[in-house]
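Just below is one structure, and these are the notes that go with it.
Below, read A as the first sequence line, B as the second, and so on, with proteins coming before strands; counting in each chain starts at 1.
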Amino acid sequence: MEYPFGAIERKWQQTWREKRIFNAPQKSDKPKYYVLSMFPYPSGVLHIGHASNYSIGDAITRIKLMQGYSVMQPMGYDSFGMPAENYAILHNSHPRLTTEENIAAMRVQFDGMGFGLDWEREVSTCRPDYYRWGQYIFKRLYQKGLVYRKKSFQNWCEECQTVLANEQVEDGSCWRCHSAVEQKELEQWYFKITDYADELLDFSKVIDWPERVMTMQKNWIGKSEGAKIDFTLEGTEVKIPIFTTRPDTIYGVTFMALPPEHPLVQEWLAAEPNNAELHDFCHKVINADKMLRSSADAVKEGVFSGRYCINPYNGAKVQIWITNYVLMDYGTGAVMAVPAHDQRDFDFAKKYTIPMKIVIQAPDNSLVLDEMQEAYTEAGIMVNSSRFDGMESEAAKAAITAWATENGWGEQTFTYRLRDWGISRQRYWGNPIPVIHCPKCGVVLVPDEELPVKLPDNVQVGRTTSNPLLSVPEWINVPCPQCGEDAKRETDTMDTFVDSSWYYARYADPKNTDKPFEPELAKYWLPVDQYIGGIEHAVMHLMYARFFHKFMRDMGWVNSDEPFARLLTQGMVTKDGAKMSKSKGNTVDPQYIIDRFGADTLRVFLMFASPPEKDVEWSDDGLMGSFRFLNRVWRLIDANKELIRKGLNNAVQGDISPEIAELRYDTHHAISRWHDDCLERMQYNTAIAATMELLNSIVKFKEPEKLNEAELAVYAFACAALPKMLYPFAPHIAEELWQALAQPELLHDSGMPVFDKVYLCRDTITYMVQINGKIRGKLEVAADIDHETLKAEALEVENVKRSLEGMIVKKVIVVPGKMVSIAAVQG
RNA sequence: GCGAAAGUGGCGGAAUUGGCAGACGCGCUGGACUUAGGAUCCAGUGAGGUUAAACUCGUAGGGGUUCGAGUCCCCUCUUUCGCACCA
């Protein structure tokens, strides 16, 4: 017989809702705990990945409730973005309608999983009551000087008809649709995330983040120390600043490398319309696939510009080359090339027979110019470097930089790989940028009282024209808020990552109609104590949210430095070793599993199969194992509930059999392991294993009705521990069994399962005996035996004695509570 | 190429501080029972060896430290992830 999971799950879902168990109070005497899983895109269908991810957060929520915290676990929808627009096109509908339908459908499935979510705090980024405050925050960022517009070459996804931030380009492809990314020159809105680069590099204020995520962010920010040095265009006063991390090689500069996008190059192009070589090369490079251009094994190419610049250190005349290997948007967009000491410059110089000059000599004096096969990039002794000759190159870096500062042609500086965040998207289904362009006043912010700038409904959604908003003149044409003249609305919408950069704060005060959220409430709930989500957001979402949080702190809206104190990056669910996807045809429908085996079974399987941060390989057989487990627990308690109720009221004093004493030990041991796994280690698979082991220990007793009073008390205590231990993972069956044991309160309110250290002590201990590292025997002794006696007894164990024949014992080591180790040699 | 993490039975995984490797689950083998169920219960299950033991081997491979290594150190291989002309 299967236990009646369907009825039980419906019953408890309804009870939790009616009793408002998971609606977090705004004020509480208890300490707060904020559990947050990354909100989903509302696809309308809950897939196994969602089920797995949110099961983790729900387990934490229920553990923290039992522990006595006031817990908030909200949920919402990241509902702007391309997929909604495409979905609407496909179904000949409107994104707003399809999105709301999907949200309603997902809500039902979330509830069917039994997640303890505070639906009164639901946010959906595509609703005006949410995106209004995104616009408000945009304005505050603008007023703080953290927003600007810039025309430049952008990553353009033809498929999505929109631009992408650098971090949204993966291997030259769009992060979302995976089609190739091109370059297109456009005027775009930017957030000055680089202002916070140093602070984003500092993770000292997070409590527990995976090292991997912090490393990825550090790599992405890519801070490097170096010097900015001004070269001068020959015969002019024009400065060409360069950035280098190797100022010690400045006397080895034999050419200057500029990218075609460099303003000086653009000037020369304009000045020489007939220089075909120059024009062809620049045109070719600028329009080349950015991925190919920036890959390490791309062939280096260039043309000589016919111009020279002057090295300020020695007055040397340096050829200026236009090349494909220098990036306009890193450093100053100009490179001093030192072929003898930089591999890229070396390759380039070899190809175009540009001279080289050794200025750092290897410590063993082995460098000879004509014999060099590759650049020498190590440290060494300065040579051919005028007044710096003989110095250690590492020390010379500072000296040479100082010399530049003294002479006014350079300074010590830092450069970052991180670029400002381009947030403009040429799409309809996003948050409108609250700006009006006035021919007279320029860029004018929409006044607060006119927010939100609502998306018009009557657009023709489609991907043939670039931005659907361009087709709504009555929305675009508005009077300027400042001068009243005819003006036009900005038609770019914001990157959806803007919406997800502050939603965690809105949950603290989701219905506020005056401001994004009440600072007092955000200060109470933030930071998020435990954040859970996929590793794929390691750089983008998590860095943007940190940036927003630091801005909100500077505004005085929050008082923490980091939004997420602890971060858990959960693994994905795989099948046949691959990520589940429709195209591979290896998906599993959670709804089918819930209908056939119950949500508890699904949750237990997902949590038991592997630790939360690792991938879970789907297994139908494994799922059945979880189902059998819950059925066994059910049968045990259902068959014995009167007896257990009685036993829970029994006195614990009295004689008990050794077998029951063992059960008592197993029970307290299992609970203690559960505590450790649930609270310290966050390793829920072993917490479930401990629960299974306890069940196995209990079911050894086939006739509990024959136990005496004291024994029954032990037995009942063991049985009653099962629902508590199951609660985080299989909450419905746990509540039902808990109620069957005539317990008055619901489990979240019942406290942690308790164990008593007294019962973890044993009178006797089994010691293993090792000889030279191999197990040769064991002996059971009193727990308080002294070491000398123990050693003597260990040597007398029969098998030990025999193995020691003809050997001389050199040393005997006692590992308290565990083993006796004998070191012996052949005699 | 650089950096990080990982590699344990037929499978998912456990071993928390250097101390009985393989918990727990799946699968498999044998048995019991039967209201034939996607049952349940009992026994077994790393490899070799044995009636059973003893014993030998065993945590990717090779070395090392230690009374003792899955765990620490060095080298190699493989896999995964991140970065990759960043001056």
Side-chain angles (χ1 to χ4, degrees), chain A residues 1-2 171 210-213 215-220 222-224 226 242-246 249 257 293-300 323-327 329-338 342-345 347-348 415-419 535-536 538-539 596-597 604-605 608-611 614-629 631-632 635 673 676-677 680-681 683 685-693 695-696 699 702 766-776 778 799 802-803 809-825:
Chain A
M1 274 293 285
E2 293 171 352
D171 292 335
E211 202 59 49
R212 189 155 75 113
V213 175
T215 305
M216 282 164 74
Q217 292 203 2
K218 282 175 190 164
N219 286 343
W220 189 263
K223 182 177 186 173
S224 55
I242 59 91
F243 172 78
T244 180
T245 56
R246 293 296 302 275
T249 64
R293 181 177 165 192
S294 65
S295 87
D297 35 49
V299 179
K300 291 173 183 50
T323 70
N324 65 345
Y325 75 96
V326 175
L327 307 173
D329 49 7
Y330 183 79
T332 61
V335 168
M336 66 171 216
V338 187
D342 181 283
Q343 192 57 43
R344 296 155 300 184
D345 300 340
D347 294 344
F348 191 87
T415 286
Y416 301 83
R417 208 186 80 111
L418 178 71
R419 316 281 151 71
I535 186 72
E536 66 272 22
V539 174
R596 181 61 195 84
F597 304 105
V604 167
F605 167 71
F608 178 63
S610 71
K614 282 188 65 178
D615 289 352
V616 174
E617 170 70 14
W618 181 264
S619 156
D620 290 334
D621 287 331
L623 182 83
M624 290 312 299
S626 299
F627 188 53
R628 278 200 290 269
F629 166 57
N631 274 296
R632 290 176 74 209
R635 284 198 302 272
R673 280 175 52 199
D676 207 25
D677 290 340
E680 305 298 325
R681 304 203 306 158
Q683 192 166 301
N685 54 333
T686 49
I688 293 170
T691 313
M692 290 173 169
E693 284 180 60
L695 174 68
N696 291 342
V699 296
K702 297 293 176 202
T766 303
Y767 275 86
M768 306 309 293
V769 186
Q770 269 187 359
I771 298 170
N772 294 337
K774 292 198 193 319
I775 303 295
R776 283 292 182 266
K778 59 181 174 183
N799 203 41
R802 203 180 37 165
S803 302
V809 173
K810 294 295 236 189
K811 194 158 48 158
V812 181
I813 297 155
V814 171
V815 183
K818 298 230 161 106
M819 68 163 50
V820 181
S821 185
I822 299 164
V825 293

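- Remark: B/G37 base-pairs with no nucleotide in the shown strands. Criterion, Watson-Crick or G-U wobble with two distances under 3.5 Å.
- Looking at heavy-atom distances under 4.0 Å, A/Ser619 makes no contact with the nucleic acid at all.
- Going from the P atom of B/G12 to that of B/G7 covers 12 Å, rounded to whole Å.
- Nucleotides B/G25 and B/U45 place their P atoms 15 Å apart, quoted to the nearest Å.
- In this structure, CG of A/Asp620 is placed 14 Å from P of B/C26, rounded to the nearest angstrom.
- Between A/Ala689 and A/Arg632, it is A/Ala689 whose nearest contact on RNA chain B lies nearer the 5' terminus.
- Between the P atoms of B/G31 and B/G38, the separation comes to 23 Å (whole Å).
- Using a 4.0 Å heavy-atom distance criterion, A/Ser224 is classed as a sugar-phosphate-only contact.
- A sub-4.0 Å separation between OP1 or OP2 of B/C41 and a side-chain N or O of A/Arg635 is present.
- Counted by atom type alone, A/Asn799 and A/Arg802 present one or more donor-acceptor pairs between their side chains at under 3.5 Å.
- As judged by a 4.0 angstrom heavy-atom cut-off over every strand, A/Asp676 is placed among the base-contacting residues.
- Residue contacts shown for A/Lys702 are limited to sugar-phosphate atoms, with no base heavy atom under 4.0 Å away.
- You won't find any donor-acceptor pair under 3.5 Å spanning the side chain of A/Lys818 and the base of B/C20, going by distance alone.
- The 12-atom threshold is not exceeded at NZ of A/Lys818, counting heavy atoms of other residues, nucleotides or ligands nearer than 6.0 Å.
- Between the CZ atom of A/Phe608 and the P atom of B/C11 there is a distance of 17 Å, given to the nearest Å.
- The shortest distance between the side-chain N/O atoms of A/Arg628 and the OP1/OP2 oxygens of B/C26 is below 4.0 Å.
- Atom NZ of A/Lys810 has 12 or fewer neighbouring heavy atoms from other residues, nucleotides or ligands inside a 6.0 Å radius.
- Atom C1' of B/C20 sits at a distance of 29 Å from the matching atom of B/C74, rounded to the whole Å.
- A/Lys774 has no side-chain polar atom (N or O) that falls below the 4.0 Å cut-off from OP1 or OP2 of B/C20.
- Among the heavy atoms of the strands lying under 4.0 Å from A/Thr244 are primed sugar atoms or P, OP1, OP2 only; no base atom is included.
- Residue contacts shown for A/Gly222 are absent, as no nucleic acid heavy atom lies under 4.0 Å away.
- Within the nucleic acid shown, A/Val326 comes within 4.0 Å of at least one base atom, counting heavy atoms only.
- Counting any heavy atom pair closer than 4.0 Å across all strands shown, A/Arg681 reaches a base atom.
- The base of B/G38 sits within donor-acceptor range of the side chain of A/Arg596, with an N or O pair under 3.5 Å.
- Across the P atoms, B/C24 and B/G61 are found 26 Å apart, a figure rounded to whole Å.
- In textbook terms, a nucleotide whose glycosidic angle is within 90° of 0 is syn, while B/G82, being further out, is anti.
- As judged by a 4.0 angstrom heavy-atom cut-off over every strand, A/Gln683 is placed among residues touching the sugar-phosphate backbone only.
- Here A/Asn799 lies in heavy-atom contact (under 4.0 Å) with sugar-phosphate atoms only.
- Here the nucleotide nearest the side chain of A/Met692, chosen from B/G25, B/C67, B/G12, is B/G25.
- Of the P atoms belonging to B/C2 and B/G10, the separation is 35 Å, rounded to the nearest Å.
- A sub-4.0 Å separation between OP1 or OP2 of B/A14 and a side-chain N or O of A/Asn685 is present.
- Phosphate contact (OP1/OP2 of B/G25, side-chain N/O of A/Asn696, threshold under 4.0 Å): present.
- Within 4.0 Å of A/Met768, counting heavy atoms only, lies at least one base atom of the nucleic acid.
- A/Arg776 places its CZ atom 10 Å from the C1' atom of B/A54, with the value rounded to the nearest Å.
- Not a single donor-acceptor contact under 3.5 angstrom links the side-chain atoms of A/Glu2 to the base of B/G37.
- Among the heavy atoms of the strands lying under 4.0 Å from A/Ile775 are primed sugar atoms or P, OP1, OP2 only; no base atom is included.
- Straight-line distance between the P atoms of B/C72 and B/G27: roughly 34 Å, to the nearest whole Å.
- Here A/Glu617 lies out of heavy-atom contact (under 4.0 Å) with every strand.
- Annotation: B/G70 and B/A60 have their P atoms spaced 10 Å apart (nearest Å).
- Using Watson-Crick or G-U wobble geometry with both donor-acceptor distances under 3.5 Å, B/C2 finds its partner in B/G82.
- Here A/Met819 lies in heavy-atom contact (under 4.0 Å) with a base.
- Comparing A/Val699 and A/Ile535 by the nucleotide of RNA chain B that holds the closest heavy atom to each, the one mapping nearer the 5' end is A/Val699.
- In this structure, A/Gln683 and A/Asn685 have side chains that are in contact, with non-hydrogen atoms separated by less than 4.5 Å.
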